[in-house]
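For reference, the structure is listed below as structure tokens.
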Amino acid sequence: MLPQKYKALSDEVAVEKIAVAKKKLGDKIMILGHHYQRDEVLQFADRVGDSLYLSKEAAKSSAEYIIFCGVYFMAETADMVTSNAQKVILPDITAGCPMADMAPIGEVKKAWSDLEVLGMANDFVPVTYINSSADVKAFCGRCGGYVCTSANAKMVLEKLINDGKRIFFFPDRYLSTNTGRTIGIDATLWERARDNGGLGEEEIASAKILAWNGYCPVHAKFSTQDIDDLRERYPEIKIIVHPEVPEQVAKKADLMGSTSFIVQQIEDASAGSVWGIGTEVHLVNRLVKKNPDKKIFIIGKLSCVCSTMNRISPQNLLWVLESLTDGRIENQVSVSENVKVDALKALDRMYELS
Ligand code: SF4
């Protein structure tokens with residue numbers, strides 16, 4: 001729990017103190033910041049990027065402490081790829097990812113045992129989006145499966161399908177359906193209550209991709225109407241979306257890709273071009289600021305903020321840093337050794353495919 005003395009600080013004061021604490025800790029720490037973090041926090045990040053880039057940076061780092069300004073599954077991944085001597089810290093330990101939480105390990109195992117009862121488990125390879133718990137990654141690792149990211153989902157799915165495999169994809173239904181569409185496959189939504197009128201045996205037997213019914217509540221807010229409205233106002237507009245958006249929205253977009261892809265496209269775009277972006281608002285606002293020569297809009301009127309990413313505040317970042325200067329570790333995220341070993345198998349298979 002964040003101590004009261006930190007809660008009482010204004011952002012301005014916390015920011016000043018973070019600069020002091022960070023200087024004091026020097027190269028003992030590395031601060032990683034996800035694109036969706038707020039600016040007051042992100043200004044202190046030594047590296048900024050998406051979850052895969054940040055975990056690669058964590059793996060390369062020799063810092064004693066990795067401060068992960070992101071959400072829980074990202075800190076878990078960082079812990080798995082760093083040495084046992086390094087500690088990973090999440091400034092707010094409650095900063096989870098609602099989509100990752102939609103695939104609890106117990107339900108994933110139950111679904112898999114449903115397939116086993118039908119004699120079909122061996123027909124499927126489990127693939128989990130990196131936005132999932134370490135337990136789900138470990139489950140995939142144990143079952144011969146893979147991790148993928150939004151940047152490489154197409155490559156992973158395409159290679160497996162071309163090898164004659166069928167896929168059970170966790171936890172994001174939209175990443176699997178949108179990616180499946182790009183390789184000409186309609187994913188079949190896995191119904192949790194299969195016994196109560198969900199998928200039948202024949203539907204499972206004919207599915208090439210089974211999609212777990214999870215989604216990102218932030219990206220699910222975008223609608224086709226939002227795109228139509230923008231196109232009406234700016235006929236020359238290009239719409240670019242993250243693959244976590246609903247299928248109908250993805251179908252109406254001109255381009256679809258990971259946060260890094262979106263950033264690259266906007267940076268490379270010509271001056272005067274007009275863009276509508278379907279991803280988290282902090283990233284879009286930053287792109288607007290960095291690209292004054294282009295017209296950039298977030299698609300939609302609803303505020304597409306990731307509230308759990310936003311739990312990382314200057315106050316709790318300051319708390320974990322000052323605790324380190326006092327010799328205390330707060331909010332360490334640590335994955336057990338057996339989970340780590342199996343989860344890394346699934347991650348390594350992804351790297352082998354790349
Ligand atoms: S934006 Fe969506 S997928 Fe990303 S951390 Fe937030 S809830 Fe999870």
Side-chain angles (χ1 to χ4, degrees), residues 32-39 41-42 45 48-55 58 68-79 88 90-105 108 127-137 147-153 169-179 211-223 226 240-247 249-250 256-263 277-287 298-300 302-313 316 331 333:
L32 302 176
H34 190 272
H35 284 304
Y36 298 165
Q37 290 290 304
R38 45 173 122 160
D39 289 345
V41 167
L42 209 62
V48 175
D50 59 17
S51 55
L52 181 67
Y53 168 77
L54 294 176
S55 61
F68 212 122
C69 298
V71 290
Y72 200 87
F73 77 81
M74 297 177 186
E76 281 186 324
T77 308
D79 183 56
V88 177
L90 186 64
D92 184 330
I93 207 76
T94 69
C97 164
M99 173 163 66
D101 294 345
M102 288 177 200
I105 185 62
V108 169
V127 177
T128 189
Y129 188 18
I130 198 160
N131 297 23
S132 57
S133 69
D135 284 332
V136 170
K137 292 184 181 84
V147 169
C148 76
T149 69
S150 54
N152 66 21
F169 193 96
F170 306 95
D172 187 6
R173 58 180 287 183
Y174 295 129
L175 179 61
S176 52
T177 49
N178 289 331
T179 309
W212 190 258
N213 194 7
Y215 61 92
C216 164
V218 179
H219 289 89
K221 281 185 186 160
F222 297 111
S223 75
D226 300 330
I240 185 166
V241 296
H242 192 278
E244 290 171 15
V245 300
E247 293 107 297
V249 176
M256 177 177 78
S258 64
T259 44
S260 305
F261 174 82
I262 293 172
V263 170
I277 306 182
T279 195
E280 209 268 353
V281 70
H282 285 93
L283 174 57
V284 180
N285 287 343
R286 210 165 294 121
L287 288 170
I298 186 158
I299 60 174
L302 293 169
S303 180
C304 295
V305 179
C306 178
S307 56
T308 50
M309 284 270 186
N310 253 279
R311 287 191 188 156
I312 310 299
S313 64
N316 53 40
N331 289 358
V333 172

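Order of appearance sets the numbers: ligands from 1, and atoms from 1 within every ligand.
When atom types are taken as modelled, the side chain of Thr308 and the backbone of Gly96 share a donor-acceptor pair closer than 3.5 angstrom.
Atom 2 (Fe) of ligand 1 has Cys216 SG as protein N, O or S atoms under 2.8 Å away.
Leu32 approaches Leu54 most closely through the heavy-atom pair CD1-O, 3.5 Å. A pairwise comparison of heavy atoms in Met309 and His34 identifies CE-ND1, 3.4 Å as the closest pair. In terms of heavy atoms, Ala103 sits closest to Val136 at O-CG2, 3.3 Å.
Interface of Tyr36 with ligand 1, defined as ligand atoms under 4.0 Å from a residue heavy atom, comprises 1 (S).
The closest side-chain heavy-atom distance from Ile277 to Leu283 is not below 4.5 Å.
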Do any side-chain atoms of residues 72-79 form donor-acceptor pairs under 3.5 angstrom with protein atoms, and if so which ones, sequence neighbours left out?
unit_1: Glu76; atom_1: OE1; unit_2: Ala134; atom_2: N; d: 2.8
unit_1: Thr77; atom_1: OG1; unit_2: Phe73; atom_2: O; d: 2.8
unit_1: Asp79; atom_1: OD2; unit_2: Val335; atom_2: N; d: 2.8

